[in-house]
Amino acid sequence: MPAAQAWLLVALIVAGTVAGDTLQSFEMKRHGEIRFRSRGLGRVAANLAMKKYLILAIVCMAISFFAFMTLVSQADLSFAVPASAASFVFETILARLVLRERVDAKRWMGAALVAGGVALLAL
Amino acid sequence: MPADERLRWKTRLFLALVIISQPLGNLSLTVGMKHRELASPGDYLTAIFSPYVAVGIVLLIVWLLSRMALLSWADLSYVLPLTAVGYIITAAMGRLVLNEQISVSRWSGTLLIVAGTALVGMTESRTTPEESRPSIEEVRS
C-alpha cells in the first residue's frame, strides 16, 4: 500500500473516531449513569437505540472501522494502531470545547505525553 | 459497600475490560484481514464472516459496550488516555505474535505513552462540576 493511501485511511479513521467518541460521550452523559441493578439491560439498550446522536456516533465509528479493516489488510498493526491514536489530541480538545469537561494541567500534560509517544511510535 | 467504593470498583472492572478487549480484538482482526483482496463491498462481507475477523469484531463489540457503560459515569478525557495502555499491548502483540519489526523510536514512544497514562490516572474519574453539565431542559431546547 502506498504511504499516501495509508495516511488517507488514517485520516478517515481518526475523523470517524473523533466524531463518534464525542457524540457518544455527549449522548451517554445525557442518559446518565447506567446502574445495572435498577433496570433491565434490555430496556437500557432499547432506550439508547432511540437516541439520534448515538446512531450518528455508530455511523461515524462504522466508517472508521471499515477504514481500519482496509488499513490492516496491508499495513503493520504496529503502524495502524498508533497512527490512528492521533485522535487523542483532537478528542481532548473537543472534550474541553464541546463536552465542557474540565481538563486540568495534569491531564493536558498526560494527553501531550501520550500524543508525543504516539508520534514517536508512528515514525 | 459505600457508594463511592462501589463506583471505584465498577470503574476498575470496566477499565480492565476496555483495556484488554481492544488489543485482542485488533490482533484477531489483523490476522484475519492480512493480505486479503478488498475490491468490492462483497469482499468486506466475506471478510467479516471469516473466523478471525468475526472473533475480532465480537471482542471489539465487547470493547465498545463496556466503554459506553464506562462513559456514562466517567469523563471522556479520563477514559481516553487510560485506554492508551491498550495501544501498547497492541504494539507488543504486533512484535510477538505478528513478528512485526518495531524500531527503537516506537518503543520510546510506548514509554512516553505509559508516562502520560500514569499522569492522567492520578486524577479523579469525574472532573466536570455538576452545574456545568448540560441539563435535560437545555439539551431538549
Side-chain angles (χ1 to χ4, degrees), chain A residues 21-22 24-36 44-45 48 54 58 61 65-66 68-74 76-82 84-85 87-88 91-92 94-96 99-104 106-123, chain B residues 7 23 26-27 29-30 33-38 44 47-48 53 60 64 67-69 71-73 75-81 84 87 90-91 93-95 98 100-103 105-123 127-129 132-134 136 139:
Chain A
D21 278 339
T22 308
Q24 185 193 348
S25 183
F26 181 69
E27 190 68 273
M28 294 313 285
K29 285 218 181 77
R30 273 172 60 178
H31 177 272
E33 183 187 342
I34 292 174
R35 292 174 206 276
F36 290 98
V44 171
L48 289 175
L54 202 58
I58 290 167
M61 284 183 269
F65 179 73
F66 283 111
F68 186 75
M69 269 175 78
T70 313
L71 185 59
V72 292
S73 73
Q74 300 294 326
D76 271 1
L77 181 64
S78 59
F79 163 78
V81 170
S84 57
S87 54
F88 275 112
E91 288 184 335
T92 306
L94 283 183
R96 177 73 194 82
L99 300 173
R100 287 189 258 163
E101 293 181 6
R102 198 200 289 150
V103 183
D104 63 14
K106 224 191 243 178
R107 279 198 193 186
W108 280 118
M109 263 179 68
L113 279 177
V114 170
V118 166
L120 270 177
L121 282 170
L123 281 180
Chain B
L7 190 63
N26 279 338
L27 178 68
L29 189 77
T30 304
M33 289 303 295
K34 211 33 99 189
H35 307 307
R36 200 177 265 277
E37 193 71 34
L38 294 168
Y44 283 90
I48 284 172
V53 176
L60 290 172
L64 185 77
R67 195 163 164 284
M68 271 170 74
L71 281 172
S72 75
W73 69 80
D75 275 343
L76 182 65
S77 51
Y78 167 78
V79 171
L80 278 175
Y87 288 98
T90 307
M93 283 176 174
R95 177 74 193 87
L98 302 171
E100 292 177 355
Q101 295 306 310
I102 302 181
S103 63
S105 65
R106 279 195 191 177
W107 286 122
S108 323
T110 304
L111 287 178
L112 262 189
I113 291 177
V114 172
T117 303
L119 197 65
V120 174
M122 285 185 264
T123 61
T127 49
T128 310
S132 72
R133 286 165 177 268
I136 295 297
V139 163

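Quick note on labels: first sequence line is chain A, next is B, and so on, each numbered from 1.
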With a 4.5 Å limit on heavy-atom distance, are the side chains of A:Phe65 and B:Leu29 in contact?
-> yes
Is there a side-chain contact between B:Trp107 and A:Leu120 (heavy atoms, below 4.5 Å)?
-> no
Quick one: does A:Leu54's side chain get under 4.5 Å of B:Met68's, heavy atoms only?
-> yes
Drop me the distance from B:Leu71's CG to A:Asp21's CG, to the nearest 0.5 angstrom.
-> 7.5 Å
Out of B:Gln101, B:Arg36, B:Arg95, B:Met33, which one racks up the most heavy-atom pairs below 4.5 Å with chain A?
-> B:Met33
Any side-chain heavy atom of B:Ile102 within less than 4.5 Å of one from A:Phe79?
-> no
Take A:Phe66 and B:Ile48 through the side-chain contact (heavy atoms from CB on, under 4.5 Å) test and state the conclusion after the steps.
-> CA-CA 10 Å; A:Phe66 283 111; B:Ile48 284 172; 3.8 Å; yes
Who are the side-chain contact (heavy atoms from CB on, under 4.5 Å) partners of B:Leu98, not counting sequence neighbours?
-> A:Leu77, B:Leu27, B:Thr30, B:Val31, B:Glu100
Kindly indicate whether the side chain of B:Leu38, heavy atoms from C-beta on, has any atom under 4.5 Å from the side chain of A:Met69.
-> no
Would you indicate whether the side-chain heavy atoms of B:Lys34 and A:Gln74 approach each other to under 4.5 Å?
-> no
Residues passing the side-chain hydrogen bond (donor to acceptor under 3.5 Å, both in side chains) test with A:Ser73, sequence neighbours excluded, are none
